[in-house]
Each structure stands twice: as structure tokens, then as C-alpha cells.
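In this text the structure is predicted, and so the values were computed from the model without any measurement.
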Amino acid sequence: MVSNALPATLYESLLAKLVTVLELTQNPEGTVTPQAKQALLHATNDFKNSLAQAKNHINALPGGELLVEEQDEVIEYLEGLKDIKRQQLSEFSARVMPSLTSMRPTTATIDTNMNMEIDSMASTPLN
């Protein structure tokens, strides 16, 4: 199964990168010097690249093309299906378990803990 986990560090770093850009633009010296312009350009590009990566990860999520209401409908349907399957399993178990406990093999006996006792005479070959 392919993992669709989102890289948490990418999303956690977005706020710090945005703060860096804002601090550089709000600097009292401004972006007059070439070093300040270069730092701002680098910080801005870093933020934009990280934001683009984050968007790509979000868009690649299964079901991401659905509206929130449609996703809620799918979730509701799947939860209902899960409940039906759980009920079917319960009914099957209720039907099968009594019939399993009523069956008693002639060469072995089954106790209530489903442990098996082997009848040694039944497994001894004739010479």
C-alpha cells in the first residue's frame, strides 16, 4: 500500500519562512543594499517553493478533487458499509459458532477453549 502521508516538516516550516520574508520586508534599513535584496529574494523564493510543494502534496491526496460535502457523503457511505459488514460478521459468527461446538470428531475431542485432545488409539497404525 502506498503511503499518502503529508510531510509534516514541510508544513511546519511554512510559517517560519513567511515570518522571515515579512521580517526582511519590514526591516528598518529596507531592501536598499544588494545583500538585503539578495536575502529577501532568497527567502521569498524559498517560501514560494515550499508553498508550491505543499500544494502539490495536497492536490495529490486521494479524494482531493471532491468537494467537502462530497467527501462527507463518501465517508458516511463507507461508515454505513462498515456497519453492515460488522453486522454480517456478527450474524455469521452467531450461526457458525454453535454448529462448530456441536460437532464432535470421533477421534478427537474439543474442549471449550478450542484445545484438541488426540485419541492415541486412532492415530496408531496397524502392524
> Of the non-hydrogen atoms in Thr20 and Ala43, which two are nearest, and what is the gap between them?
Replying inline: CG2-CB, 4.0 Å
> What is the minimum heavy-atom distance between Thr25 and Leu40, and which atoms define it?
Replying inline: CG2-CD1, 3.6 Å
> For the atom pair CG (Leu61) and CG (Asn56), what is the distance rounded to the nearest 0.5 Å?
Replying inline: 11.0 Å
> Counting distance only, does the side-chain N/O of Asp46 pair as donor-acceptor with the main-chain N or O of His42 below 3.5 Å?
Replying inline: no
> What distance separates Gln88 CD from Lys85 NZ, expressed to the nearest 0.5 Å?
Replying inline: 5.0 Å
> Applying the 4.5 Å side-chain criterion to the ILVMFWY set and letting contacts propagate, would Tyr11 and Leu51 be lumped into a single cluster?
Replying inline: yes
>> Checking Arg86 against Leu89 for the side chain to side chain contact (heavy atoms under 4.5 Å, CB included) test, could you report, in this order, the C-alpha distance in whole Å, the side-chain angles of both residues, the deciding distance, and whether it holds?
In response: CA-CA 5 Å; Arg86 196 174 272 149; Leu89 183 60; 5.8 Å; no
>> Glu76 vs Asp72, test: side chain to side chain contact (heavy atoms under 4.5 Å, CB included). Steps then yes/no.
In response: CA-CA 6 Å; Glu76 187 177 324; Asp72 288 341; over 6 Å; no
> Are Val19 and Val21 connected in the hydrophobic side-chain network, where two residues link if heavy atoms are under 4.5 Å apart?
Replying inline: no
>> Hydrophobic clustering (ILVMFWY, side-chain heavy atoms < 4.5 Å, transitive) - are Leu41 and Phe47 grouped together?
In response: no
> Ala54 and Leu14: which non-hydrogen atoms are nearest, and at how many Å?
Replying inline: CB-CD1, 4.1 Å
>> Would a single hydrophobic cluster contain both Leu66 and Tyr77, if residues Ile, Leu, Val, Met, Phe, Trp and Tyr are joined by side-chain heavy-atom contacts under 4.5 Å?
In response: yes
> When hydrophobic residues are tied together by side-chain contacts of less than 4.5 Å, even through go-betweens, does Ile84 share a cluster with Leu78?
Replying inline: no
> Which pair of heavy atoms, one from Leu10 and one from Ser50, lies closest together, and at what distance?
Replying inline: CD1-O, 3.8 Å
> Nearest 0.5 Å, what's the CG-CG distance between Leu22 and Asn27?
Replying inline: 12.5 Å
>> To the closest 0.5 Å, what do you measure between NE2 (His57) and NZ (Lys55)?
In response: 14.0 Å
